[in-house]
Amino acid sequence: MMKKEVTSLLARNPLVSGLMTQLTRLDRTGANQLRIFTYHRLGEPAVFEAQMRYLAQNYYVASMHELLQVHAGGHTLPPRAVMVTFDDAYQDFAEVAWPIMQRYSMPAAVFVATGFPDQPGRVFWWDRLEAAATQTERRDELSTPVGDLPLAVPSQRLNAYKKLRDYVKMLPHEVAMAYVNQFCEELGNPSVVNDVLGWDELRRLAREGVTFGAHTQTHPLMNRIPVGEAVAEAVSSQQDLAREIGSVLPIFAYPNGSFSQEVVDGLRAEGFEMAFTTGPGANQLPHTDWLRLRRNNISPKSNLTMLQARLLQSATIL
């Protein structure tokens, strides 16, 4: 049995869930030790609500404005501080996540790839890749750069998508996008809906208190394009947000958490004060690299026990 399958089985065991709950109550993580979570797409609404209810009842959920105050030296986060962020601005943030977070008076920050709102013909490459791999009518083996991949049953088609997604992330951006186009055409180029929030919806959410941050315009991996292009993507994204929504904070999230030291230096030179990776763990404030802040990714399949496990991985237990 694969490691992920074992983890999934344990996470759904009520005894394990109860143990996790008891252990997280022993969490003695001190002041200015911040754990940040990031979501992309959401899973079951009831699961997400259980996660938010747990955080609201057991932790201090900090806002992006508070974190900037810590960065400026005028604020200290209390013990057991966490933050909740979202990348890509999918519609399920507005439909599912935000109403739940409002119910528990929780702040939220969303990072927007600004070339996608109100652009129905533009779809994230991984969504196109997944649709092509999982919706294809082909059932024979597919020859790919990562080997021959079977497509006979749904689990094999999903596995093919995951392997090719990981492969694409390793390529230079232009080569990667050319391969995605080729792959999708080979499998019939199925129609995919752009389900990113539009600008009117984003403005409404901003009025309701959601914080927005830059996430590039076209979502390239920052270490797979020239440094100048990477920094320009970040700056243009921030400018788009300022134009469409109003004032914007000097914050940025690296697509896929990918970056290089040269990109970090470029963002600093452009006035960005905080940037977020997807590297797991806690942030020891204020003694941290503010342009390499750690975030713990929570997938659509992660339940409450998995969230608790992420908390424990970086907790101080006395």
Side-chain angles (χ1 to χ4, degrees), residues 34-68 77 81-120 123-124 126-127 193-216 219 237-238 240-249 251-253 255 274 276 278 293 295-304 306-308 310-311:
L34 177 65
R35 284 161 287 185
I36 307 173
F37 295 102
T38 188
Y39 292 79
H40 293 77
R41 290 189 185 277
L42 300 180
E44 290 294 327
V47 173
F48 180 78
E49 177 153 17
Q51 293 172 341
M52 295 302 102
R53 180 170 58 247
Y54 185 82
L55 292 178
Q57 292 175 348
N58 295 280
Y59 289 85
Y60 178 82
V61 185
S63 71
M64 194 65 68
H65 291 275
E66 288 179 277
L67 188 55
L68 279 166
L77 293 180
V82 298
M83 177 180 285
V84 183
T85 69
F86 300 80
D87 285 2
D88 304 332
Y90 282 116
Q91 289 183 11
D92 58 9
F93 172 77
E95 295 168 357
V96 177
W98 182 233
I100 289 171
M101 298 183 77
Q102 285 180 299
R103 204 146 53 233
Y104 295 100
S105 300
M106 299 174 71
V110 179
F111 292 96
V112 185
T114 55
F116 291 84
D118 296 330
Q119 298 295 323
V123 179
F124 290 125
W126 58 90
D127 288 333
V193 175
N194 176 347
D195 58 349
V196 171
L197 292 164
W199 287 115
D200 284 345
E201 295 168 291
L202 294 170
R203 283 188 282 268
R204 174 183 64 80
L205 291 166
R207 289 193 297 269
E208 293 179 1
V210 176
T211 297
F212 289 100
H215 194 43
T216 73
H219 207 283
S237 179
Q238 190 181 50
D240 290 343
L241 286 170
R243 181 187 66 250
E244 296 290 345
I245 294 177
S247 61
V248 60
L249 300 180
I251 61 177
F252 179 77
M274 300 192 308
F276 298 80
T278 53
L293 291 167
R295 290 189 300 170
N296 302 274
N297 186 61
I298 305 298
S299 78
K301 294 184 178 179
S302 297
N303 63 10
L304 175 58
M306 293 176 178
L307 178 76
Q308 291 171 320
R310 290 297 182 91
L311 285 163

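Two residues are said to be in side-chain contact when any heavy atoms from C-beta on lie closer than 4.5 Å; H65 and L249 meet this criterion. Counting heavy atoms from C-beta on, the side chains of L307 and L55 come closer than 4.5 Å. A 4.5 Å side-chain heavy-atom check between E95 and L42 finds every atom pair outside the cut-off. Between I251 and L67 there is no side-chain heavy-atom pair separated by less than 4.5 Å. Between L205 and V110 the shortest side-chain heavy-atom distance does not fall below 4.5 Å.
A distance of 8.0 Å separates CD in E244 from CG in D118, rounded to the nearest 0.5 Å. The CE atom of M83 sits 13.0 Å away from the CG atom of N296 when rounded to the nearest 0.5 Å. Distance check: T85 OG1 to I36 CD1 gives 7.0 Å after rounding to the nearest 0.5 Å. To the nearest 0.5 Å, the span separating CG on L34 from OH on Y60 amounts to 11.0 Å. Rounding to the nearest 0.5 Å places CZ of F252 at 5.5 Å from OG1 of T216. Separation of atoms CZ (F48) and CE (M101) is listed at 5.5 Å; rounding is to 0.5 Å.
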- Message: Would N58 and L311 count as a side chain to side chain contact (heavy atoms under 4.5 Å, CB included) here? Give the steps.
- Response: CA-CA 11 Å; N58 295 280; L311 285 163; over 6 Å; no
Side chain to side chain contact (heavy atoms under 4.5 Å, CB included) assessment of H219 paired with D88: CA-CA 9 Å; H219 207 283; D88 304 332; 3.2 Å; yes
**OP:** Show your reasoning for whether side chain to side chain contact (heavy atoms under 4.5 Å, CB included) applies to Y90 and D127.
**Re:** CA-CA 12 Å; Y90 282 116; D127 288 333; 2.8 Å; yes
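Of the possible polar contacts, none joining the S63 side chain to the A108 backbone as a donor-acceptor pair under 3.5 Å is found. Not a single donor-acceptor pair under 3.5 Å links the side chain of D87 to the backbone N or O of T38. N194 contributes a side-chain N or O that, together with a main-chain N or O of F116, makes up a donor-acceptor pair within less than 3.5 Å. Checking side-chain atoms of S237 against main-chain N and O of H215 turns up a donor-acceptor pair under 3.5 Å. Side-chain atoms of Q51 come within 3.5 Å of backbone atoms of S302 as a donor-acceptor pair (strictly under, hydrogens ignored).
Smallest separation of non-hydrogen atoms from A94 and R204: CB-NH2, 4.0 Å. The two atoms that bring A214 and L241 nearest to each other are N-CD1, 3.5 Å, heavy atoms only. F212 and A206 get closest at one heavy-atom pair: CE1-N, 3.7 Å. Nearest heavy-atom pair, R310 versus N297, reported as atom, atom and distance to 0.1 Å: NH1-O, 2.8 Å. Taking each heavy atom of M106 and V84 in turn, the nearest pair found is CE-CG2, 4.3 Å. Nearest approach of V47 to L304, heavy atoms of both residues: CG1-N, 4.4 Å.
Side-chain atoms of Y39 and D92 include no donor-acceptor pair closer than 3.5 Å. Side-chain atoms of E49 and Y104 form a donor-acceptor pair, as typed in the model, at a separation below 3.5 Å.
More than 12 heavy atoms of other residues, nucleotides or ligands lie within 6.0 Å of CD in Q102, so this atom counts as buried by the packing criterion.
The aromatic rings of W126 and F124 sit parallel, their planes meeting at an angle under 30°, below the 60° perpendicular limit.
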